[in-house]
Amino acid sequence: MKSKVQFFECYDYNEELYLIEMIINDSSNNIDWSEFVVPESNLPEKDWQCAFLEQYLNLDGTEKICELYDEPQEAVCPCRIAFFIYKYDTQEKKIITPYGTFSFENSIPMPERLLKCIEFEDEEDEDDED
């Protein structure tokens, strides 16, 4: 069976977060974000960390194709997606998805193209304004 994942990469977004980017050979209508989880052997499965701030990108990964928290108006296939997970100490350093299990042990710096289009509101930035 051919893999539905064309591309997977894990980036160091900041000290607390990884940004995961994937290209999946599936329709955006079929993606169930609650099934993108980071296993934690000392926690029940219902408490495992899930992907958050999911964002759909154009195929070259240079811009978002819909607003944050939205899905594309018309289904896209393949879809390029990006989402965040927390870096806190996970023992297994992997994410389980409906499309396979992937390691995020060897994260790399964020590429410039993603810095320009990925949305994330950092709580520290809000505190600096006080």
Side-chain angles (χ1 to χ4, degrees):
M1 183 175 148
K2 188 176 176 186
S3 172
K4 286 194 170 201
V5 176
Q6 291 180 18
F7 175 83
F8 173 90
E9 196 60 75
C10 178
Y11 306 109
D12 278 311
Y13 184 75
N14 63 22
E15 289 181 16
E16 297 176 355
L17 298 166
Y18 291 118
L19 178 74
I20 306 289
E21 183 181 26
M22 299 175 76
I23 298 176
I24 301 171
N25 287 323
D26 199 358
S27 171
S28 55
N29 289 342
N30 293 334
I31 295 176
D32 181 350
W33 290 105
S34 68
E35 294 182 0
F36 287 66
V37 295
V38 178
E40 201 55 60
S41 58
N42 61 339
L43 294 175
E45 191 171 330
K46 68 178 182 61
D47 292 332
W48 289 356
Q49 178 185 180
C50 289
F52 67 98
L53 288 177
E54 305 90 2
Q55 299 173 54
Y56 292 87
L57 306 174
N58 63 357
L59 278 180
D60 63 3
T62 56
E63 60 185 43
K64 292 191 319 176
I65 60 172
C66 57
E67 295 297 315
L68 191 61
Y69 306 112
D70 288 345
E71 293 184 11
Q73 284 186 315
E74 292 185 26
V76 294
C77 183
C79 22
R80 190 173 200 130
I81 56 174
F83 57 88
F84 289 94
I85 57 172
Y86 284 100
K87 287 183 177 180
Y88 61 75
D89 291 332
T90 58
Q91 296 172 346
E92 300 187 46
K93 301 282 189 213
K94 65 182 178 182
I95 186 161
I96 298 171
T97 77
Y99 307 99
T101 300
F102 304 91
S103 171
F104 54 86
E105 226 169 342
N106 298 314
S107 60
I108 61 175
M110 283 275 292
E112 188 67 28
R113 67 180 169 77
L114 290 177
L115 289 171
K116 294 177 181 179
C117 67
I118 292 297
E119 270 187 77
F120 187 84
E121 201 168 290
D122 196 348
E123 290 176 10
E124 290 177 13
D125 291 343
E126 292 173 8
D127 293 343
D128 290 344
E129 293 174 8
D130 296 336

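Counting from 1, the numbers follow the sequence of the chain as shown.
The CZ atom of Phe8 lies 8.5 Å from the OG1 atom of Thr97; values are rounded to the nearest 0.5 Å. To the nearest 0.5 Å, the span separating CD1 on Ile81 from CE on Met22 amounts to 5.5 Å. Atom CE of Met110 sits about 11.5 Å away from atom CD of Glu9, to the nearest 0.5 Å. Note that CD1 of Ile24 and NZ of Lys4 are 9.5 Å apart. Values are rounded to the nearest 0.5 Å. Here the straight-line distance linking atom CG of Leu115 with atom CZ of Phe120 works out to 13.5 Å at 0.5 Å rounding. Atom SG of Cys79 is separated from atom CG of Asn58 by 12.5 Å, given to the nearest 0.5 angstrom.
Minimum interatomic distance between Leu59 and Ile23 (heavy atoms only, all atoms of both residues): O-CD1, 4.4 Å. Across every non-hydrogen atom of Leu114 and Gly61, the tightest pair is CD2-O, 3.8 Å. Scanning all heavy atoms of the two residues, the minimum distance from Glu71 to Cys66 falls at C-SG, 3.7 Å. Nearest approach of Asp60 to Arg113, heavy atoms of both residues: O-CD, 4.0 Å. The two atoms that bring Val38 and Phe104 nearest to each other are CG1-CZ, 4.0 Å, heavy atoms only. Shown here for Asn30 and Tyr99, the closest heavy-atom pair between the two residues is O-OH, 4.1 Å.
The closest side-chain heavy-atom distance from Ile65 to Val76 is below 4.5 Å. Pro111 places a side-chain heavy atom less than 4.5 Å from the side chain of Tyr11. By the 4.5 Å heavy-atom criterion applied to side chains, Thr62 and Cys117 are not counted as neighbours. With a 4.5 Å cut-off on side-chain heavy atoms, Cys50 and Trp33 do not count as touching. A heavy-atom distance below 4.5 Å is found between the side chains of Val5 and Phe102. In this structure the side chain of Asn106 never reaches within 4.5 angstrom of the side chain of Cys10, judged on heavy atoms.
Following chains of ILVMFWY side-chain contacts shorter than 4.5 Å, one cannot reach Phe52 starting from Ile96, and the two form parts of different hydrophobic clusters. Hydrophobic clustering of Ile, Leu, Val, Met, Phe, Trp and Tyr side chains at less than 4.5 Å, counting indirect connections, keeps Val37 apart from Tyr86.
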inquiry  = Go through it in stages, so that I can follow the logic: the residues are Leu17 and Ile85, the test is side chain to side chain contact (heavy atoms under 4.5 Å, CB included), and I'd like the CA-CA distance, side-chain angles, deciding distance and then a yes or no.
reply    = CA-CA 6 Å; Leu17 298 166; Ile85 57 172; over 6 Å; no

request  = Dump the intermediate steps for side chain to side chain contact (heavy atoms under 4.5 Å, CB included) on Leu57 and Glu63, then the final yes or no.
outcome  = CA-CA 6 Å; Leu57 306 174; Glu63 60 185 43; over 6 Å; no

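With hydrogens and angles ignored, the 3.5 Å screen pairs a side-chain donor or acceptor of Gln55 with a backbone N or O of Glu119. Remark: side-chain polar atoms of Trp48 are paired, donor with acceptor, to backbone N or O of Leu43 under 3.5 angstrom. For the pair Lys87 (side chain) and Tyr13 (backbone), a donor-acceptor distance under 3.5 Å is absent. Not a single donor-acceptor pair under 3.5 Å links the side chain of Asp12 to the backbone N or O of Asn14. Proximity of a side-chain donor or acceptor of Asn29 to a complementary backbone N or O of Ala75 within less than 3.5 Å is not detected.
Taking the six-membered ring for Trp and the full ring otherwise, Phe36 and Phe83 have centroids separated by under 6.0 Å. Checked against the 6.0 Å centroid criterion, the rings of Tyr18 and Phe84 do not qualify as a close aromatic pair.
A cation-pi geometry, defined here as NZ or CZ lying under 6.0 Å from the six-membered ring centre and within 45° of its normal, holds between Arg80 and Phe7.
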